[in-house]
Amino acid sequence: MFTRRWRASRGRRAIVETMGKHRPNPPQWVWYTFGGKLPAHLAEWVLHDVTCRTWVLRHLLRALTQLAPFCVVVLLLPGPLYIRLSSVVLGLLVGLFYSISAMGESCEHRVIKHGYPPGIGRETRAMYREVRRATRDDARRRGRPE
């Protein structure tokens, strides 16, 4: 029982380690966040970025990074603070709503831009979901007395 779990976690760790070997530096990440193309050696990281378990949170972080300059500009405008703050909050809500509504397409576009075939992001996320579900079901079965 322990060896199977260890092997499964070791396999996941190996995937994460190979994906994490080459990561963009902060200026490259900001460029990528605003829609830029990264160098070819980071294409594997882009696929990991849009297909890992936390891909939704990563997408939201990219969206917030894109909205941050507009929030700063609105906060620097003259006028009552409550109006500026409410404008920022409303702008963030609208921006995040549109970002979430186009999340899948945006991630697919990023992957295609970095040289992968169309649909690979969705297929990879579905494959990871199935592997996690099978691993979880297997662990539940082993835990139950039969």
Check ion pair Asp49-Arg110 (N to O, under 4.0 angstrom): no
Trp45 and Tyr32 aromatic centres sub-6.0 Å: yes
Worked verdict on Arg53 versus Arg132 for side chain to side chain contact (heavy atoms under 4.5 Å, CB included): CA-CA 10 Å; Arg53 190 171 45 101; Arg132 283 193 299 269; 4.1 Å; yes
Backbone N/O of Met127 and side chain of Glu130: donor-acceptor pair under 3.5 Å: no
Check: Leu38 main-chain N/O paired with His114 side-chain donor or acceptor under 3.5 Å: yes
Salt bridge flag under 4.0 Å for residues Arg122 and Glu105: yes
Point-to-point distance, once rounded to the nearest 0.5 Å, from CD of Gln66 to OG of Ser99: 6.5 Å
Cluster check Phe70, Leu90: I/L/V/M/F/W/Y, side chain < 4.5 angstrom: no
Atom pair CH2/CZ of Trp55 and Arg125 - distance to nearest 0.5 Å: 4.0 Å
Hydrophobic cluster membership, Leu61 vs Leu93, 4.5 Å side-chain cutoff: no
For Gly121 against Thr51, the heavy-atom pair lying closest together: O-CG2, 3.6 Å
same_hphob_cluster(Leu92, Ile100) at 4.5 Å side-chain heavy-atom cutoff: yes
Donor-acceptor under 3.5 Å (Ser86 side chain, Tyr82 main chain): yes
Spacing of CG belonging to Leu57 relative to CG belonging to Leu64, to within rounding of 0.5 Å: 10.5 Å
For the student: nearest non-hydrogen atoms of Cys107 and His59, plus distance: SG-ND1, 4.1 Å
Distance, nearest 0.5 Å, that separates CD1 of Ile112 from NE2 of His109: 8.0 Å
Rounded distance [0.5 Å steps], CG in Leu42 versus NE2 in His48: 12.5 Å
From CD1 (Ile120) to CD (Glu108), nearest 0.5 Å: 8.5 Å
Basic-acidic side-chain contact under 4.0 Å: Asp137, Arg133: no
Side-chain (Arg84) to main-chain (Gly79) donor-acceptor, under 3.5 angstrom: yes
Crowding at CZ, Phe97 (>12 non-hydrogen neighbours, <6.0 Å): no
CA sep, side-chain torsions, deciding dist, call: Asp138, Arg141, side chain to side chain contact (heavy atoms under 4.5 Å, CB included): CA-CA 5 Å; Asp138 190 37; Arg141 271 187 247 121; 4.0 Å; yes
Close side-chain approach of Leu85 and Leu75, heavy atoms under 4.5 Å: yes
Sole residue of Val56, Thr54, Val50 in side chain to side chain contact (heavy atoms under 4.5 Å, CB included) with Cys52: Thr54
Contact check, side chains of Trp31 and Pro26, non-hydrogen atoms, under 4.5 Å: no
Evaluation steps, side chain to side chain contact (heavy atoms under 4.5 Å, CB included), between Arg62 and Trp29: CA-CA 9 Å; Arg62 286 192 303 268; Trp29 185 82; 4.2 Å; yes
